[in-house]
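First comes the structure, then the notes that go with it.
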Amino acid sequence: MVAISHAVRFILNDEEIALTDVAADATLLDYLRLTKRLRGSKEGCAEGDCGACTVLVGRLLGDEIIYDSVTACIRFVGSLHGTHVVTVEHLAAKDGTLHPVQQAMVDHHGSQCGFCTPGIVMSLYGLWMRDPNPSQPAIEKALQGNLCRCTGYSPIIRAAKAISSYGAPEADPLRAERIALRARIMALNDGSRVEIGDSVIIPASLDDFATLYEANPKATIVAGATDVGLWVTKFMRDISPVIFIGHLQELKRIAENDSELRFYAGVSYSEALPTLTTWFPQLAELWDRIAGEQIRNMGTIGGNIANGSPIGDTPPPLIALGAKLHLRRGEHRREIKLEDYFLAYGKQDRHPGEFVESVTIPHLPAGEKFATYKISKRREEDISALCGAFRVFVNDAGIVGMIRIAFGGMAATPKRAKAVEAALVGKPWTLDTIDAAIPAFAQDYQPLSDMRASAEYRLLAAQNLLRRFFLETTGQGQRLMREAV
């Protein structure tokens, strides 16, 4: 029998919070600013892009607390159960002494109008706790999700490099507090299911979630909220009731063996990166271009697949790699090819009450070449106009034995270019063969024109990416893991 409680419990800075009345669509940013009057976190975009609302959220990983930078504007209060939320107000000492991150920003003139500064401070604080002496690329990566409209990045980067001259993480005045907090957070995660009226459900376990969702197939599932958050802030959609699953450790698992890599659906982009790039280093640059760090800390691989977006960045490479999807409804599980999951725009092969439990990616066989390219208007933190993935095996005679090509942004769903593949298999891997196969793209895709790109541009770019992939595989282009811009 599952124990049930009726309060969302978390720690905000040094205050323990217990909320017995929480709306399904209540955001952390609104709670901070309107209820708690903590107004350091700002609302800029209300869609997780600008970083002005960045806070840290600490969660249990084993017996340790891991702090992630997240955007409060699309983080729901219901997802905070059993966590520690840290805002910019909590950094300075009670006597007003600035935190090393704040003092470095002051001394190096890292703030101009100041609107974005609290979010930048929190992103840099998260980085400093992980790496007290970060490289400039690491600093830039940490700031991908923070937009400074005053274009003050040079002094901000100088400040980031100087933080440790003001103090080491070991001497952080909040460090001792967080050691004590670990026991408090562990106590909050007592294994109970949380129910707040009919609108908020926080399952006790993966099996509990499966039971709940089978019984409530119309409920909205929220893991990272990087899509659902925008349903609320931009489209004012009613998402109630919500089942929050971001805390489920069973969905945070990563399994490896000699033949395949398996990610459970709750693994975030950031959590997946070290293991994923060990197996597939070609994906490193693509992964770093998926939104900003705050979104990568929140968004999940399973969510990116489950929502079926035609412009999701993970399905094209996973389809090209031959990934399998594992679906669950109650106690029943089934396995399908990832490419078969996407049926039509907004429609996936998922039955009522069924959810994505995990995805399995086979090891890339020896001798095969693989690359993924993302085309977007901005290099950093932008949605793809199109994303293409290519995988090929060329035998010793120079003949294409196998090729898989998959694109997002070219059709109503992520989709393979099967006509192009058929035009290449069994043919010599030469530029003449590539040029002869290029017209087949028009059979595979009839892209639309929108704000990101015209149909003509998308089709031409897809054709040129195939040429680029050929050049790279034959040593005439950049390394395969380099991304197109």
Donor + acceptor pair across side chains of [X], [Y] (<3.5 Å):
| X | Y | value |
| --- | --- | --- |
| N257 | S259 | yes |
| H99 | Y166 | no |
| N146 | E293 | no |
| S111 | T117 | yes |
| D95 | T97 | yes |
| N297 | S268 | no |
| S376 | R289 | yes |
| N307 | S309 | no |

May I ask you to test the [X]-[Y] pair for a side-chain heavy-atom distance under 4.5 Å?
| X | Y | answer |
| --- | --- | --- |
| R33 | K42 | yes |
| L12 | T87 | yes |
| L338 | L325 | yes |
| E331 | R328 | yes |

Exercise. Pick one: which of L29, T27, T233 meets side chain to side chain contact (heavy atoms under 4.5 Å, CB included) with E43?
Worked result: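 Checked L29, T27, T233 against E43; only one passes side chain to side chain contact (heavy atoms under 4.5 Å, CB included): L29.
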Problem set entry | Residue from V22, L19, V194 passing side chain to side chain contact (heavy atoms under 4.5 Å, CB included) with H81 |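 Answer to the side chain to side chain contact (heavy atoms under 4.5 Å, CB included) test with H81 among V22, L19, V194: V194.
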Ion pair [X]/[Y], N-O distance below 4.0 Å:
| X | Y | answer |
| --- | --- | --- |
| E260 | R262 | no |
| E285 | R379 | yes |
| E16 | R184 | yes |
| K94 | E177 | no |

Give a yes or no answer on whether the side chain of [X] reaches the backbone of [Y] with a donor-acceptor pair at less than 3.5 Å.
| X | Y | answer |
| --- | --- | --- |
| R59 | H247 | no |
| D450 | A453 | yes |
| E354 | L327 | no |
| R296 | D288 | yes |

For this session: Check whether the ring centres of Y67 and H84 lie less than 6.0 Å apart, and answer yes or no.
Result: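 Ring centroids of Y67 and H84 are less than 6.0 Å from each other.
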For this session: Step through it carefully: locate the ring centre of F407, locate the ring centre of F390, and say whether they are under 6.0 Å apart.
Result: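 Yes, the ring centres sit under 6.0 Å apart.
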